[in-house]
Amino acid sequence: MRRSRKDGDSVDEERDSRRRRIVDSPSSPAEEPLVPYNDDEDDERRVLDHSGGAEEVGRRVETEEEDDDDDYDDDPYGRGSILDKSNRQVEVRRDCPYLDTVNRQVLDFDFERFCSVSLSNLNVYACLVCGKYYQGRGKKSHAYTHSLEAGHHVYINLRTEKVYCLPDGYEINDPSLDDIRYVLNPRFSREQVEQLDKNKQWSRALDGSDYLPGMVGLNNIQKTDFVNVTIQSLMRVTPLRNFFLIPENYQHCRSQLVHRFGELTRKIWHARNFKGQVSPHEFLQAVMKASKKRFRIGVQSEPVEFMSWLLNTLHADLRTSKKSSSIIHKCFQGELEVVKETQNKAISERKEGGGEHNGALKIMDGATENNNIGTETYRMPFLMLGLDLPEPPLFKDVMEKNIIPQVPLFNILKKFDGETVTTTVRPPARMRYRVTRLPQYLIVHMRRFTKNNFFREKNPTLVNFPVKNLELKDYIPLPAPNKENEKLRSKYDLIANIVHDGKPDEGFYRVFVQRKSEELWYEMQDLHVSETLPQMVALSEAYMQIYEQQ
């Protein structure tokens, strides 16, 4: 059904009056002023809507009943128009005259997604011209006001990843914006995840600097180097990394910490970042909330405490029931047999009172009592093993210098041979440990710091350890494999080594990590990433290490 030219003119007049009503501002330009008006084209673009009235699909101006909603249903009209919750139609256009104003240099999606005016986290848009976050896109919203005041017209919804032009209000569907969507929310297919450790290719950031995906620096926001070294070392644990690179694996989980850790993992391994570093800001906010400010920005903590808390919290959040396992336990959980000898108070009192049972041997639920000493044997799971360093010398030598002692890793591993006794003060007991099941990834921690009533001391002892082929069965007794044909896997290779430099309270942490695709070692300290020799890894004051089972 074609209309006469008079009808077309009246529709045009009505549209012009509506447009004047929206905002009389120099920053809202007329739509395509340079394109000559063609009435026939306009007629072809009109389609009938369900009520029988004429509806323009190609170009429309929204009515004043606009609100901040931006959840849309699927397109019921075919291409070109989308219905949102308030039944208003949102125009979709491929062309936008403002796309050349988008400035990728200022875009940074690492920070918390809050409106910079209202501090609300609902319905937040990023201005693609200046990089600031604003709420909403309705007439009274902060993003709309910003578009008029600053003349910035292109905005992306941080949740739905849809791009809009304000104040005109149409959605922009242009493939040139896909790179921004990939930086906002990096995605990996299962095939890409499998190829990560084979990739030797460098990526280039917008400023021209090169970086290796997975080997990017992490921003130290304020005394957060203990978080950075923990994250960098966990990124070398292949099954853990692969699990968190695909969000479908943990979509059932409601924990903010799990989702923020997944986001951070994807950003670190993403090959199309705009810059060669990542800010773990959102992850740190989730850590502060989940740990009830036990770990927070601006207060130095120990990586071993953070690692222990993080692994246990992630496991608790990921498991679906009390008895179910998680990716954390599959990677790191081993088992110890503990023999605990304690002085039995009841027997001592009886002996003093002249009782008859003083020399008797009594066995009860794996516990035995003999000569006032009660022995209890039980098994317990572990995620990491703590190793005790020998005491450093108290006095200086002839040259007036303290000799820094050295100890082989195998000497301090004897704690777990089932025979060496470890004495505990509270409660007073003698403990013997034996490893009954080895994990796929073994975390060992050297206890360098001791606190007394006055200050915190650091043990400077150097630990000599092999970077490759740590053979545990030569030093500690290991259980036989469950199946007859199965070979005992007791050889380990180092993949991450966390180091502490400086004084106990003023020092800083750095980490040596291995890149599997080339078997090269890199030293990472916050934003600084540099290649290093394997020999340098073994010369450092090791604090915590992760070994991978061969």
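If you read the sequence from its start, that first residue is 1, and numbering goes on from there.
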Are the side chain of [X] and the backbone of [Y] linked by a donor-acceptor contact shorter than 3.5 Å?
X	Y	value
K340	Y378	no
S308	V304	no
D417	T420	yes
K458	G502	yes
R236	A496	no
H252	L318	yes
S203	P213	no
Y134	V117	no

Self-check item: F114/Y133 aromatic ring centres below 6.0 Å
Solution: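 For F114 and Y133, the ring centres are not under 6.0 Å apart.
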Practice problem: Scan F512, Y547, Y441 and name whichever one has a side chain to side chain contact (heavy atoms under 4.5 Å, CB included) with I495. | Solution: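 Going through F512, Y547, Y441 one by one, the side chain to side chain contact (heavy atoms under 4.5 Å, CB included) with I495 is satisfied by Y441 alone.
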Would you give the length of the straight line joining atom [atom1] of [X] to atom [atom2] of [Y], rounded to the nearest 0.5 angstrom?
X	Y	atom1	atom2	value
L119	Q135	CG	CD	10.0 Å
M384	I546	CE	CD1	8.5 Å
L206	Q105	CG	CD	5.0 Å
E335	F382	CD	CZ	9.0 Å
L158	R113	CG	CZ	5.5 Å
I231	T265	CD1	OG1	7.0 Å

Look at the rings of [X] and [Y] and say which category their plane angle falls in: under 30° parallel, 30 to 60° tilted, over 60° perpendicular.
X	Y	answer
Y433	F416	tilted
F295	F306	perpendicular
F188	H270	perpendicular

Counting only heavy atoms not in [X], do more than 12 fall under 6.0 Å of its [atom1]?
X	atom1	result
H528	NE2	no
Q201	CD	no
R437	CZ	yes
M536	CE	no
R430	CZ	no
K132	NZ	no

Can you tell if the side chain of [X] reaches within under 4.5 Å of the side chain of [Y], non-hydrogen atoms only?
X	Y	result
L218	I268	yes
P303	T230	yes
K415	T422	yes
Q440	V237	no
S116	H142	no
I221	H281	yes
M307	H445	no
L472	L442	yes

Practice problem: Could you walk me through whether I327 and L314 pass the side chain to side chain contact (heavy atoms under 4.5 Å, CB included) test, one step at a time? | Solution: CA-CA 9 Å; I327 187 70; L314 287 176; over 6 Å; no
Self-check item: Given E419, E341, E376, the one that forms salt bridge (charged side-chain N to carboxylate O under 4.0 Å, His left out) with R432
Solution: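 Checked E419, E341, E376 against R432; only one passes salt bridge (charged side-chain N to carboxylate O under 4.0 Å, His left out): E341.
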Indicate the atoms forming the closest heavy-atom contact of [X] with [Y], along with that distance.
X	Y	result
Q333	P381	NE2-CB, 3.2 Å
A429	T342	CB-CG2, 3.7 Å
H259	Q251	CE1-CA, 4.4 Å
P239	C331	CB-SG, 3.8 Å
A205	G276	CB-N, 3.9 Å
S325	K330	OG-CG, 4.1 Å

Practice problem: Would you please name every residue forming a side chain to side chain donor-acceptor pair (under 3.5 Å) with S540, sequence neighbours left out? | Solution: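 Applying side chain to side chain donor-acceptor pair (under 3.5 Å) to S540 gives N497.
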Self-check item: By side chain to side chain donor-acceptor pair (under 3.5 Å) - contacts of K473 (at least two apart)
Solution: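 Partners of K473 under the side chain to side chain donor-acceptor pair (under 3.5 Å) test: none.
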Donor-acceptor side-chain pairing of [X] and [Y] below 3.5 angstrom:
X	Y	value
N469	Q550	yes
N228	D526	yes
N242	E194	no
D317	S255	yes
E523	S530	no

Quiz item: Does the side chain to side chain contact (heavy atoms under 4.5 Å, CB included) test come out yes or no for E302 and Y509, once each step is laid out?
Solution: CA-CA 9 Å; E302 286 193 40; Y509 295 95; 4.0 Å; yes
Exercise. Walk me through it: do V529 and L212 pass the test side chain to side chain contact (heavy atoms under 4.5 Å, CB included)?
Key: CA-CA 10 Å; V529 180; L212 278 164; over 6 Å; no
Quiz prompt | Criterion side chain to side chain contact (heavy atoms under 4.5 Å, CB included) on H500 and F449, from CA distance to verdict | solution = CA-CA 10 Å; H500 182 268; F449 299 108; 3.7 Å; yes
Self-check item: Y182 six-ring centre to R187 NZ/CZ under 6.0 Å and within 45° of normal
Solution: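 Positive - R187 is close enough to the ring of Y182 and near enough to its axis.
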Quiz item: Taking the six-membered ring of Y543, is the NZ or CZ of R448 close enough (under 6.0 Å from the centre) and on axis enough (within 45°)?
Solution: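 Relative to the ring axis of Y543, which defines the angle, R448 lies outside at least one limit.
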Quiz prompt | Pairing of E518 and K200 as salt bridge, 4.0 angstrom limit | solution =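 Looking at K200 together with E518, the answer is no, because their closest N to O distance does not fall below 4.0 Å.
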